[in-house]
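Here is the structure we will look at.
A, B, ... follow the sequence lines: proteins, then strands. Residue 1 opens every chain. Below, all heavy atoms of this structure are taken into account, side chains as well, without hydrogens, waters or symmetry copies. Note that the structure is predicted; figures quoted are calculated from it, not measured.
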Amino acid sequence: MLVSEVMLQQTQVSRVDPAWRRWMERWPTPAHLAADPPGEAIRAWDRLGYPRRALRLHACAVAIVERHDGVVPDDVDALLALPGIGMYTARAVAAFAFRQRHPVVDTNVRRVVARIVDGVADGGPATTPADLRAVEVLLPEDHEAAARASVAFMELGAVICTARAPRCEECPMAGVCAWRIAGAPASSGPSRRTQRYHGTDRHVRGLLLAVLRASDDPVPAARLDLVWDDEVQRGRALAGLIEDGLVRERGGTFTLPG
DNA sequence: TAAGCGTGGCG
DNA sequence: TCGCCAAGCTT
């Protein structure tokens, strides 16, 4: 559950599914993952995106072995203290793996609550403590029922109450949805400014890391020079990868961290 | 709080 | 085609 939730941070279910199966077959427990070098986690991450998540998941496995005897903790605060585990993932693991009663708030749930309860088209850009409270009061008292309700809120947002083309005709909440009843007004505020990708440092980092993932041997700098013409930007991107611990330099060659 | 961080699917 | 969006986290 923890591995899948980390993979699902900003990556769609359809792309996570095969990667998750391979990952769990190779590293069935935190101890298995912790015993391998972090570079192997980055390599196995393949093209899921945001490879820092792979590095943090490896660090998470190490922390679980060191602090929790290799057993994933069932306590939200202990989970929150692990690398790469934030407000959403900690509660998702506690609720879905350990069947506890916690509000589990992601972008889907923020949108569902914004529409049904608040009558507005969009939720906020990030989960706030106020969001947690708003969802908490909607949960059934029974822990198992609450865990199932949390799954249902997310699923409703993912399948029916979608961001761009909601299928209100098929929605079981249409009769009580404040947004629907108000005529589904468009969002009022300024829309979130869109992030560019093409030509950004992120783009170049992705190109560089793809070369290193594909190579079993240390890669000479000259080969990295081929992926991006702008030397200044390429150097900045590579330095950033090294700074983040995703890449290691050894005598003019580059590898994933061993 | 806002910006930075990959990659791909979909309308 | 191209911009939006995706089961966020960290600093």
Side-chain angles (χ1 to χ4, degrees), chain A residues 1-20 42-43 45-57 59-60 79-97 102-112 121-132 135 147 150-167 186-187 190-213 227-228 233 236-247:
Chain A
M1 190 68 70
L2 189 152
V3 170
S4 72
E5 290 298 349
V6 171
M7 287 184 170
L8 286 164
Q9 293 167 3
Q10 299 282 278
T11 303
Q12 300 89 333
V13 176
S14 60
R15 295 170 55 208
V16 164
D17 187 5
W20 179 83
I42 295 168
R43 199 187 304 278
W45 197 253
D46 197 36
R47 304 186 68 78
L48 289 179
Y50 293 142
R52 293 193 293 193
R53 291 183 293 163
L55 196 58
R56 292 188 183 130
L57 188 52
C60 183
L79 286 162
L80 273 174
L82 295 169
I85 307 298
M87 199 177 331
Y88 163 77
T89 306
R91 289 178 173 78
V93 170
F96 302 152
H102 296 288
V104 181
V105 182
D106 70 340
T107 186
N108 289 307
V109 175
R110 290 198 303 274
R111 184 175 57 252
V112 165
D122 298 309
T127 297
T128 65
D131 292 324
L132 293 183
V135 172
S150 290
V151 175
F153 291 152
M154 290 179 60
E155 197 72 2
L156 186 66
V159 176
I160 302 288
C161 193
T162 56
R164 270 189 288 183
R167 309 161 78 168
S187 66
S191 62
R192 201 163 107 203
R193 64 178 275 287
T194 148
Q195 296 247 12
R196 297 273 177 278
Y197 176 69
H198 190 80
T200 61
D201 285 6
R202 240 192 312 186
H203 186 177
V204 182
R205 285 167 60 109
L207 295 173
L208 292 170
L209 204 58
V211 173
L212 299 182
R213 269 200 313 263
V227 305
W228 197 255
Q233 189 179 21
R236 190 172 61 226
L238 187 55
L241 288 169
I242 292 169
E243 171 73 22
D244 289 346
L246 290 165
V247 171

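Here dA6(C) presents its C1' atom at 14 Å from CG of Asp122(A), a figure rounded to the nearest Å. As rounded to whole Å, 9 Å separates atom C1' of dC5(C) from atom CZ of Arg111(A). Protein atom CD of Gln9(A) is 17 Å distant from nucleotide atom C1' of dC5(C), rounded to whole Å. Rounded to whole angstrom, the span from the CG atom of Leu57(A) across to the P atom of dT10(C) amounts to 12 Å. To the nearest angstrom, P of dG4(B) lies 13 Å from CZ of Arg196(A). When the P atom of dG6(B) is taken as reference, atom CG of Leu212(A) falls 13 Å away, rounded to whole Å. Rounding to whole angstrom units, CH2 of residue Trp20(A) and P of dA7(C) are separated by 19 Å. The NE2-P distance, from His102(A) to dA7(C), rounds to 22 Å in whole Å.
Judged purely by atom type and a 3.5 angstrom limit, Thr11(A) uses its side chain to pair as donor or acceptor with the backbone of Leu48(A).
One donor-acceptor pair, N or O on each side, does fall under 3.5 Å between the base of dG6(B) and the side chain of Thr11(A).
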As a quick check of understanding, evaluate side chain to side chain contact (heavy atoms under 4.5 Å, CB included) for Leu57(A) and Arg53(A), giving each step before the final call.
CA-CA 6 Å; Leu57(A) 188 52; Arg53(A) 291 183 293 163; over 6 Å; no
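The side chain of Pro51(A) lies closest to dG6(B) when the candidates are dG6(B), dA7(C), dA6(C). Of the candidate nucleotides dA7(C), dC5(B), dA6(C), dA7(C) has the atom nearest to the side chain of Asn108(A).
Residue whose closest nucleotide on DNA chain B sits further toward the 5' end, between Arg164(A) and Asp244(A): Asp244(A). Ranked by how close their nearest DNA chain B nucleotide is to the 5' end, Gln12(A) and Thr128(A) are led by Thr128(A).
For Trp45(A), the ring-ring contact (aromatic ring centres under 6.0 Å, His included) criterion is met by Trp23(A), not counting sequence neighbours. Remark: Arg47(A) engages no residue in a side-chain hydrogen bond (donor to acceptor under 3.5 Å, both in side chains) (not counting sequence neighbours).
Scanning residues 83-92 of chain A for heavy-atom distances under 4.0 Å to DNA chain C yields Pro83(A), Gly84(A), Ile85(A), Gly86(A), Met87(A), Tyr88(A), Thr89(A). A heavy-atom distance below 4.0 Å to DNA chain B is reached by these residues of residues 203-211 of chain A, ordered by number: Arg205(A), Gly206(A).
Taking the P atoms as reference points, dC4(C) lies 16 Å from dA3(B), given to the whole Å. Here the separation of dA7(C) from dC5(B), taken at their P atoms, is 23 Å to the nearest Å.
Separation of atoms NE2 (His203(A)) and CG (Leu208(A)) is listed at 10.0 Å; rounding is to 0.5 Å.
Phosphate proximity of dC5(C) to Arg15(A): absent, as no side-chain N or O sits under 4.0 Å from OP1 or OP2. A close approach under 4.0 Å does not occur between any side-chain nitrogen or oxygen of Gln10(A) and OP1 or OP2 of dA6(C). Within the structure, a side-chain polar atom (N or O) of Arg47(A) is placed less than 4.0 Å from OP1 or OP2 of dG8(B).
For residues 7-19 of chain A, the pairs satisfying salt bridge (charged side-chain N to carboxylate O under 4.0 Å, His left out) are Asp17(A)-Arg21(A), with sequence neighbours left out.
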Contacts table for residues 121-129 of chain A: side-chain donor-acceptor under 3.5 angstrom, sequence neighbours left out:
from      : atom 1 : to        : atom 2 : distance (Å)
Asp122(A) : OD2    : Ser187(A) : OG     : 3.4
Thr127(A) : OG1    : Val105(A) : O      : 3.1
Thr127(A) : OG1    : Arg110(A) : NH1    : 2.8
Thr128(A) : OG1    : Ala130(A) : N      : 3.4
Thr128(A) : OG1    : Asp131(A) : N      : 3.2
Thr128(A) : OG1    : Asp131(A) : OD2    : 3.2

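Here Val13(A) lies in heavy-atom contact (under 4.0 Å) with a base. If you check every strand for non-hydrogen atoms under 4.0 Å, Arg236(A) touches nothing.
No donor-acceptor contact under 3.5 angstrom links the side chains of Arg56(A) and Tyr50(A), judged on distance only. The closest side-chain donor-acceptor pair between Gln9(A) and Tyr88(A), if any, does not fall under 3.5 angstrom.
With a 4.5 Å cut-off on side-chain heavy atoms, Leu2(A) and Leu79(A) count as touching.
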